[in-house]
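Only heavy atoms go into these numbers, but all of them, side chains included; no hydrogens, no water, no symmetry mates. The chains referred to below are lettered A, B, ... by the order of the sequence lines, with proteins before strands, and numbering in each begins at 1.
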Amino acid sequence: MPGPSTAILWFRRDLRVHDHPALAYALANFDQVVPLFVVDNRLVHGRWRSPNRLWFLAGALRSLQHELRERDSALTVVRGDPTALVPRLARETGATAVIMTRDLTPYGRWRDVSVSLSLSASGIRHVAGRGLLVHEPEEVPRPAGGPFTVFSPFHRRWLAAPMRAIEPAPSTIATPPEVTAAPDVGPGELLGDPVPTADRALLPDPSEAAARRRLDRWAGSEALLDYAAGRDRLDLEGTSRLSQDLRFGLLSPVDVLVRTGGDGSGHRRFHSELAWRDFYAHLLWHLPRVARESFRAELDGVAWSTDAGAIESWRTGRTGYPVVDAAMRQLLATGWMHNRARMIVASFLTKHLGVDWRVGEAHFMAHLLDGDPASNNGGWQWAASTGTDPQPWFRIFNPTLQGRRHDPDGAYVRRWVPELAGVPGLDGADVHEPPPGVYLDRIVPHADGRSRALAEYARATGMPDSRDSRRRC
DNA sequence: AGCTAGTTCTG
DNA sequence: AGAACTAGC
Ligand SMILES: Cc1cc2nc3c(=O)[nH]c(=O)nc-3n(C[C@H](O)[C@H](O)[C@H](O)COP(=O)(O)OP(=O)(O)OC[C@H]3O[C@@H](n4cnc5c(N)ncnc54)[C@H](O)[C@@H]3O)c2cc1C
């Protein structure tokens, strides 16, 4: 009589036990499950390394260890090369399959192919399934093939695609006793004891339980009802703040969608933001080249500025534009930035300062708790007008007007630029336009930044006539 | 999920 | 003078 069948469940950015399709699959098809996380050296040393995200990851792994212990199981955490370590653990535990949530980034795909090749050499199966997104790329196909390059037709198909059922958290996970007998390894140690660069007191609790509480609160909030308008207010808590939980998979996007169910304008708008997340993930899957290159190749002919002083002023929040500086300081202090603010600062860097979007992309990846290769790249290429369905390049934000409109009382600026709080005579939205001498000099006057951007983009695109420009609106 | 500059309308 | 409108980037 054969022994119990065993599968490895390889966790990556799906660090939860609720609504976990790969976990449900493993439990339904195998007698025993061995949960595993591999600290890939790339996490600690790679291009997108971030102390803030490593700190969050360490906490999320401790949370997962706890959730698994509660269910009579345990998380094995090892550090090194997954291509070697995953097959080794499979052989040691007698596993005949490795189950995981499919990852769609260029590196994730390369890694998974290389692990699956080395597994099949040992006769071990490799099963990668859904769980990262609401819908997989194959579930929202473009009739003509390839990726959707415009959001609205994608969104129509996305809304029409059938939704999978929620998988409840299991009450117990059968795991080999030699695995549960081993004490939990402190993930912080394997991650190099990460110290966040953001202010610890302003960081969210990185546990699944806390993420579920955040979701509960958001699902029952007034802000969700008012999200269609409130999402653009820099000075209010008008958005869900669930991005880091979706990034690390403490929450599944399907769970978020179902729990925020409703047909009001706020609900529908919120769901469409989850569709944007899928849109950019699918795009990167179809066209991995956009990770490095502009989607609109002709715009890689823009002569980007490399002015190190200007870039440093932008990074540290010292451009002289109050709303830009508030946003950049919010990022450094909290590892998060409001979506409207991301658009404003990305537009400012790429248009007013004429700096390559990849410089901004890298800075965001170094600090954002929700830093995600697909959404971040999509957001930057949108703002730089190099992407799919981008901001047309001639629509350039005026940071002062954006601040007045979306921070109408100036509270956002006063929160993050304290030297502008309590300046006599600088009341309400006027904080967005401090008179000369009151605040830092603007590193470039708006009119100059705007006209140099218009000239450079016109040159790079071969100065299309106005009919072409209008068609892209 | 633009903004500017120029023109025409209004009082 | 200032609103309202609009072509063009
Ligand atoms: C230049 C730039 C860079 C960005 N980089 C990232 C990033 O690295 N990671 C990231 O998750 N989002 C990124 N975004 C999208 C968006 O700004 C954040 O998802 C959002 O601000 C997170 O806050 P929230 O959870 O309160 O959002 P909510 O408004 O509550 O939205 C709910 C969820 O929908 C998703 N979402 C919302 N807006 C977008 C969007 N435009 N694109 C893709 N997904 C979206 C996020 O998962 C978010 O948590 C970027 C946007 C821009 C303009």
**OP:** Specify the separation, in whole Å, of atom NZ of A:K351 and atom P of B:dC3.
**Re:** 12 Å

Subject >> Between C1' of C:dA7 and CG of A:L454, the distance in whole Å >> reply: 14 Å

**OP:** Measure from the side chain of A:H406, starting at C-beta and using heavy atoms only, and say which of C:dC9, B:dA1, B:dT4 lies closest.
**Re:** B:dA1

**OP:** Give the rounded distance in Å between these two atoms: CH2 of A:W393 and P of B:dG2.
**Re:** 15 Å

Original post:
Under 4.0 Å between a side-chain N or O of A:R340 and OP1 or OP2 of B:dA1?
Top reply: yes

Subject >> Distance, rounded to the nearest Å, where A:I396 contributes CD1 and B:dA5 contributes C1' >> reply: 15 Å

Original post:
How is A:R342 classified with respect to the nucleic acid when contacts are heavy atoms under 4.0 Å: base, sugar-phosphate, or nothing?
Top reply: nothing

Original post:
Rounded to the Å, how far apart are A:I344 CD1 and B:dC3 P?
Top reply: 9 Å

Subject >> All salt bridge (charged side-chain N to carboxylate O under 4.0 Å, His left out) counterparts of A:R156, not counting sequence neighbours >> reply: none

**OP:** Scan residues 329-357 of chain A for pairs that pass salt bridge (charged side-chain N to carboxylate O under 4.0 Å, His left out), counting only residues two or more places apart or in two chains.
**Re:** A:D232-A:R340, A:R329-A:E419, A:R342-A:D370, A:D356-A:R358

Original post:
Hey, would you say the A:H367 and A:W336 ring centroids sit under 6.0 Å apart?
Top reply: no

Original post:
Does the side chain of A:Q402 get closer than 4.0 angstrom to OP1 or OP2 of B:dC3 through an N or O atom?
Top reply: yes

Original post:
Are A:R450 and B:dA5 close enough that a side-chain N or O sits under 4.0 Å from OP1 or OP2?
Top reply: no

**OP:** Can you sort out the partners of A:F11 under ring pair (Phe, Tyr, Trp, His ring centres under 6.0 Å), two or more places apart, ordered by chain and number?
**Re:** A:H20

**OP:** Go through residues 372-385 of chain A and report each residue with a non-hydrogen atom lying under 4.0 Å from DNA chain B, sorted by number.
**Re:** none

**OP:** Only counting residues at least two apart or in another chain, list the ones meeting ring pair (Phe, Tyr, Trp, His ring centres under 6.0 Å) with A:H432.
**Re:** none

Original post:
Step by step, would you call A:W276 with A:L274 a side chain to side chain contact (heavy atoms under 4.5 Å, CB included)?
Top reply: CA-CA 5 Å; A:W276 274 104; A:L274 296 171; over 6 Å; no

Original post:
Rounded to the Å, how far apart are A:Y227 OH and B:dA1 P?
Top reply: 12 Å

Original post:
Between A:H446 and B:dC3, does any side-chain N or O lie under 4.0 Å from OP1 or OP2?
Top reply: no

Original post:
Given atom CE of A:M343 and atom P of B:dG2, what is their separation to the nearest angstrom?
Top reply: 8 Å

Original post:
Tell me, which pairs form a ring-ring contact (aromatic ring centres under 6.0 Å, His included) where one or both residues lie in residues 47-66 of chain A, sequence neighbours left out?
Top reply: A:F56-A:F248

Subject >> Nearest-angstrom distance from the residue atom CZ of A:F270 to C1' of B:dA1 >> reply: 18 Å

